[in-house]
Amino acid sequence: MWCSRTALRRLALRTAPLSLAGFRRDMSALPRVYVTRQIPPRGLQILRESGRVQFELWDSDDPVPRQELLKKVKGCDGLLCVLTEKIDAEVLDAAGPNLKVLSTMSVGFDHLSLDELKKRGIRVGYTPEVLTDAVAELTIALLLATSRRLIEATHEAKTGGWGTWRTLWLCGYELADSTVGILGLGRIGVAIAERLKPFKVKKFIYTDVAPRPELADAIQAEYVSMDELARQSDFLAVCCALTPETQGICNKNLFSKMKNTSIFINTSRGGVVNQEDLYEALSTGQIAGAGLDVTVPEPLPTNHPLFTLKNCVILPHIASASYTTRNAMSALAANNLLAGLRGEPMPKELQL
């Protein structure tokens with residue numbers, strides 16, 4: 001139905017747009033958020049479309065400089081970070097008392113000073129579960145690349161080393177009829193075992209701070225001691241979180257008990273491994289090979305001794321690097337932040 005001109009004028013008066021000054025006042029009343037990295041688009045879209053925050057972004061794929069971070073967090077109500085940012089007392093002091101919510105786009109939280117956050121009553125969101133499949137897939141890929149010497153083989157093919165067929169050239173180790181050990185049985189450890197089953201693995205074993213029958217039953221895994229894990233495993237996958245108790249837990253003591261045909265895989269955190277001890281174990285033939293997606297430091301310097309070893313495959317921390325997973329992580333991080341700022345339960349909150 002057409003409206004009269006008079007009616008249209010009245011409607012226009014009733015629905016007159018908010019003035020620029022009024023809009024700015026409304027925006028200034030919204031919680032302030034700083035995002036420390038150019039996170040995948042889904043998370044940024046959620047923040048923009050929420051209409052509930054005003055946020056500033058360090059618009060780069062590289063880490064925000066420390067001094068810039070300290071400057072930008074001042075007075076913020078929320079902070080969305082990634083694992084490269086060390087959130088400690090210095091950052092929290094710079095942010096001031098307004099900071100109520102921190103959301104990290106990571107499943108690990110060893111970059112956060114949890115005691116400081118708890119002391120200040122700051123809620124913490126993180127992103128577990130959404131990266132389980134991607135990390136499990138990458139762990140299998142790394143295990144196979146290491147045990148079947150794929151990086152060595154590719155190099156030989158490219159550089160003229162591929163000559164006549166030889167009976168034991170570039171031979172590796174099979175998963176069939178093997179024992180796979182898991183250090184730290186959680187969602188990712190279970191997902192790894194589920195993917196390895198079709199390879200005809202004979203036995204799964206694991207160790208943790210305590211038996212986890214509810215998870216172990218799903219993969220028919222046996223709980224063993226740390227020493228037995230080392231002795232029995234043909235393949236040992238590290239899936240534990242980095243805590244004061246697990247710092248450097250994979251050391252000379254562990255490697256000395258492993259078979260000289262065993263393969264060591266770490267896709268958890270670099271800090272759980274004593275890299276000097278690992279180098280010695282690999283270079284002396286104490287163990288057959290290692291595949292690492294995580295190191296200390298990151299990036300690992302190109303002149304590090306581990307890079308000189310043919311039996312050590314090192315990846316640049318890409319376990320969760322799929323488009324699907326990274327977007328899901330950014331979306332969860334954004335939703336955690338928004339829920340926390342509203343005073344509501346977060347989808348995934350770290351209980352401090």
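A quick note: this is a predicted structure, and the numbers were derived from the prediction, not measured.
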Is [Y] paired with [X] through a side-chain N to carboxylate O contact shorter than 4.0 Å?
X: Lys118; Y: Glu116; value: no
X: Arg66; Y: Asp88; value: yes
X: Lys203; Y: Asp234; value: no

Inset, instruction - Scan Val273, Leu282, Leu143, Leu183 and name whichever one has a side chain to side chain contact (heavy atoms under 4.5 Å, CB included) with Phe264. - result: Val273
Legend entry - Qualifying residue for side chain to side chain contact (heavy atoms under 4.5 Å, CB included) with Cys81, from Leu69, Val91, Val35, Ile87: Ile87
Can you tell me how far apart [atom1] ([X]) and [atom2] ([Y]) are? Round to the nearest 0.5 Å.
X: Leu315; Y: Asn266; atom1: CG; atom2: CG; answer: 11.0 Å
X: Asp217; Y: Gln220; atom1: CG; atom2: CD; answer: 8.0 Å
X: Glu156; Y: Trp162; atom1: CD; atom2: CH2; answer: 11.5 Å
X: Thr295; Y: Leu306; atom1: OG1; atom2: CG; answer: 8.5 Å
X: Leu80; Y: Glu85; atom1: CG; atom2: CD; answer: 10.0 Å
X: Ile122; Y: Leu99; atom1: CD1; atom2: CG; answer: 4.0 Å

Any side-chain heavy atom of [X] sitting closer than 4.5 Å to one from [Y]?
X: Glu194; Y: Ile219; value: yes
X: Ile287; Y: Leu278; value: yes
X: Arg52; Y: Leu341; value: no

Taking all non-hydrogen atoms of both residues, which atom of [X] and which atom of [Y] are closest, and how far apart?
X: Arg32; Y: Lys74; value: NH1-O, 3.1 Å
X: Ala134; Y: Thr325; value: CB-OG1, 3.4 Å
X: Arg212; Y: Tyr206; value: N-OH, 2.7 Å
X: Pro40; Y: Ser330; value: O-OG, 3.3 Å

Inset, instruction - Measure from the ring center of Phe55 to the ring center of Tyr34 and say whether it is less than 6.0 Å. - result: no
Is there a path of hydrophobic side-chain contacts, each under 4.5 Å between heavy atoms of I/L/V/M/F/W/Y residues, joining [Y] to [X]?
X: Leu337; Y: Met346; answer: yes
X: Tyr173; Y: Leu292; answer: no
X: Met226; Y: Leu242; answer: yes

Please confirm whether the backbone N or O of [Y] pairs with a side-chain atom of [X], one donor and one acceptor, at under 3.5 Å?
X: Lys259; Y: Gln232; value: yes
X: Arg269; Y: Ala241; value: no
X: Asp277; Y: Lys252; value: yes

Can you confirm whether the side chains of [X] and [Y] place a donor and an acceptor under 3.5 Å from each other?
X: Ser106; Y: Thr104; value: yes
X: Arg42; Y: Gln45; value: yes
X: Thr139; Y: Arg195; value: no

Legend entry - Intermediate values then yes/no, side-chain contact (heavy atoms from CB on, under 4.5 Å), Leu131 and Ile188: CA-CA 9 Å; Leu131 47 64; Ile188 291 173; 4.1 Å; yes
Inset, instruction - Take Thr179 and Ile205 through the side-chain contact (heavy atoms from CB on, under 4.5 Å) test and state the conclusion after the steps. - result: CA-CA 7 Å; Thr179 295; Ile205 58 177; 3.9 Å; yes
Legend entry - Steps toward side chain to side chain donor-acceptor pair (under 3.5 Å) verdict (Thr243, Glu245): CA-CA 5 Å; Thr243 66; Glu245 293 73 31; 3.2 Å; yes
Inset, instruction - Apply side-chain contact (heavy atoms from CB on, under 4.5 Å) to the pair Asn253 and Lys257, showing each step before the final yes or no. - result: CA-CA 7 Å; Asn253 184 51; Lys257 295 178 174 68; 2.6 Å; yes
Inset, instruction - List in chain and number order the residues that pass side-chain contact (heavy atoms from CB on, under 4.5 Å) with Ala176, two or more places apart in sequence or in another chain; answer none if no residue qualifies. - result: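 Result, side-chain contact (heavy atoms from CB on, under 4.5 Å) vs Ala176: Glu174, Lys200.
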Legend entry - side-chain contact (heavy atoms from CB on, under 4.5 Å) between Val201 and Phe235, intermediate numbers included: CA-CA 10 Å; Val201 170; Phe235 300 87; over 6 Å; no
